[in-house]
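From a predicted model like this one, the values you see are computed outputs, not experimental measurements. Chain naming here is simple, since letters A, B, ... match the order of the sequence lines and numbering starts at 1 in each.
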2 protein chains.
Amino acid sequence: MLHSESAEDYLKTICKMGGTQGAVSTSALASRLGISPVSVHEMIRKLAEQGLVEYTPYRGVSLTPAGLRAAQNVFRRHRLWERFLHDSLGLPWARVHEEAERLEHATSQEVSDRLAQFLNYPQECPHGYPIGQETCACEDEAARPLLELAAGESAEIERVPEDNAQMLEYLDHLGLRPGVRVTMIEIAPFDGPVTIELAGERKAIGRPLAERILVHIAASHHTEHQGG
Amino acid sequence: MLHSESAEDYLKTICKMGGTQGAVSTSALASRLGISPVSVHEMIRKLAEQGLVEYTPYRGVSLTPAGLRAAQNVFRRHRLWERFLHDSLGLPWARVHEEAERLEHATSQEVSDRLAQFLNYPQECPHGYPIGQETCACEDEAARPLLELAAGESAEIERVPEDNAQMLEYLDHLGLRPGVRVTMIEIAPFDGPVTIELAGERKAIGRPLAERILVHIAASHHTEHQGG
DNA sequence: TGTTATAATTAGGCATGCCTTATAAAATTT
DNA sequence: AAATTTTATAAGGCATGCCTAATTATAACA
């Protein structure tokens, strides 16, 4: 809670883009954040001064241990609020992300700790992202894009993109929620649709979406998802 | 949720200082907010442009109906969060206000409506301030300062000042919480202490505090306060 | 190696919300 | 009515976080 909302958003985004592994290009970061490269460069400089990121010109930015800790804290607060908004308040799945996006910046460590306890230490947010006890991982090594499944192969949905309410409504409507089992039917050529089967029905989605939905092939380790 | 956090704070403070009845002096507002009179004047001008306050030079500011509605919304969100933080998360009474002060600015109408439902439409915040269904009153006509009680007179604590965590801890320690019955023993002369009896014990507090604690004489209409 | 594309950086600006200093105007007191 | 205090307003600044336009440095490619 020592950093500005803006700084927290930068750290989150750098983390999401892989700033824990290698370095993230500032122009990619800029286009993801929807902020001009010049402004991003300026902010990166400030974050580097504060020891939250490491910046090497022409290489990109990566999170320092302190920056990673800060980002993980924000993710944790975000995901805990999502669970509360969904499970306790019954806010629709698709609306949960945008509300949590604001609450995450207004939450102290004590409140998020108590919130975790109140929610009975949930393991993941409603979109399938993990919630650790103290921190939480940014990436799950075992997760693969739905698009990578071979025809006939089955998997369980692990995570869905959460940053677009309309997309979430669409996914919800299709039944494509974390924990649901899907089977790949076919990936049509010439950038055609991806056909999958879930709950006995066949659905076709676009390739870009199929690339952003993450699945895992191993048997379920998920807890039941409470209804909204 | 259309106004900046800063604007919301101004509207709240104007409301608290009586900006629904008469006009509030801008210098009084400035000292209450801890902001320079020049800056307050500037902000008042902007709020007046937006139709949220009415400003007459050398007289002061008052809330327009739109401004009142906005302020009441913020109060409602604030007090609902206080109830949640206290009743559901068990956050100590004295810490609740400062946390709600941040959450109130990050809460949509839908979330506050659902929060009210989740909390079972509570009537008041943990410090005794009313929570209306749609809006909520700023002042309670029936409430009188504790200091106005005559010796031997009994009353129930209605509200306590909530803006100072240390003071709240002190009040909590003395047992001076909303809903508690107190009897005035004496008000010592020469600005001396105010002695009251509660739960069979006598306690002395200072005059300024006794002036800010509001009581009502009629029998209790309060619902039970859930423990934290 | 030279050209081209990408990234970095400088310079100047804007809005918000705060600041101080200084002056002008009205209200209050004597 | 005159002096004093209070209030209003103007002028100029600062930090944050964003912008565009223009320049410079580096990387990548042919």
Asks: Report the relative orientation of the aromatic rings in A/Tyr55 and A/His41; use parallel for angles under 30°, tilted for 30 to 60°, perpendicular for over 60°.
Replies: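 Perpendicular, since the angle between the ring planes exceeds 60°.
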Asks: Between A/Arg45 and B/Glu5, who's closer to the 5' end of DNA chain C by nearest nucleotide?
Replies: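 So the residue in question is A/Arg45.
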Asks: What's the closest nucleotide to the A/Lys46 side chain, out of D/dT7, D/dT16, C/dT16?
Replies: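 Of the options given, the side chain of A/Lys46 lies nearest D/dT16.
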Asks: Side-chain N or O of A/Tyr55 less than 4.0 angstrom from OP1 or OP2 on C/dT9?
Replies: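 It does, given that an N or O in the side chain of A/Tyr55 lies less than 4.0 Å from OP1 or OP2 of C/dT9.
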Asks: For B/Tyr58, what residues pass the ring pair (Phe, Tyr, Trp, His ring centres under 6.0 Å) criterion, not counting sequence neighbours?
Replies: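 In terms of ring pair (Phe, Tyr, Trp, His ring centres under 6.0 Å), with neighbours along the sequence ignored, B/Tyr58 is linked to no residue.
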Asks: Starting from C1' on C/dG17, measure out to CG on B/Leu11 and report it in whole angstrom.
Replies: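 Taking atom C1' of C/dG17 as the reference, CG of B/Leu11 is at 15 Å.
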Asks: Within this structure, what is the CZ-to-P distance between B/Arg59 and C/dT28, rounded to whole angstrom?
Replies: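 After rounding, the gap between these two atoms is 12 Å.
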Asks: Spell out, as yes or no, whether a donor-acceptor pair under 3.5 Å connects the side chain of B/Thr56 to the backbone of B/Arg59.
Replies: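 No, the answer is negative, given that no donor and acceptor are paired below the 3.5 Å cut-off.
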Asks: In whole angstrom, give the distance that lies between atom CD of B/Glu8 and atom C1' of C/dG17.
Replies: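 Nearest whole value for this atom pair: 15 Å.
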Asks: A/Ile131 and side-chain contact (heavy atoms from CB on, under 4.5 Å): which single residue from A/Arg83, A/Glu82, A/Arg77, A/His78 fits?
Replies: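 Exactly one pass, corresponding to A/Arg83.
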Asks: Quiz question: going by heavy-atom distance under 3.5 Å, is there a donor-acceptor pair between the base of D/dA25 and the side chain of A/Tyr58?
Replies: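 Counting by modelled atom types and ignoring angles, a donor-acceptor contact under 3.5 Å is found here.
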Asks: Both A/Ser4 and B/His41 contact DNA chain D. Which one's nearest nucleotide lies toward the 5' end?
Replies: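 Mapping each residue to its closest nucleotide by heavy atoms, the 5'-most match is B/His41.
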Asks: Counting distance only, does the side-chain N/O of B/Ser39 pair as donor-acceptor with the main-chain N or O of B/Ile35 below 3.5 Å?
Replies: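 Flag not set: sc B/Ser39 to bb B/Ile35 has no pair under 3.5 Å.
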Asks: Can any side-chain N or O of A/Thr64 pair as donor or acceptor with the backbone N or O of A/Leu52 at less than 3.5 Å?
Replies: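 The answer is yes, because a donor-acceptor pair under 3.5 Å joins these two groups.
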Asks: Looking at A/Thr26, does any N or O in its side chain come under 4.0 Å of the phosphate oxygens OP1/OP2 on C/dA7?
Replies: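 Negative; the distance criterion is not met.
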Asks: Does the B/Arg177 side chain pair with the main chain of B/Asp172, one donor and one acceptor, at a distance under 3.5 Å?
Replies: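 Yes.
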Asks: In this structure, how many angstroms lie between the P atom of C/dA15 and the CD atom of B/Glu49, rounded?
Replies: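 That distance rounds to 13 Å.
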Asks: Nearest-Å distance, CG (A/Leu29) to P (C/dA7)?
Replies: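 Checked: the CG to P distance equals 12 Å.
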Asks: Just the atom pairs and distances: protein N or O near nucleotides 18-23 of chain D's N or O, under 3.5 Å.
Replies:
unit_1, atom_1, unit_2, atom_2, d
D/dC18, OP1, A/Ser6, OG, 3.3
D/dC18, OP2, A/Ser6, OG, 3.2
D/dC18, OP2, A/Tyr10, OH, 3.3
D/dC18, N4, A/Glu42, OE1, 3.3
D/dC19, OP1, A/Ser36, N, 3.3
D/dC19, OP2, A/Ser36, N, 2.8
D/dC19, OP2, A/Ser36, OG, 3.0
D/dC19, OP2, A/Ser39, OG, 2.8

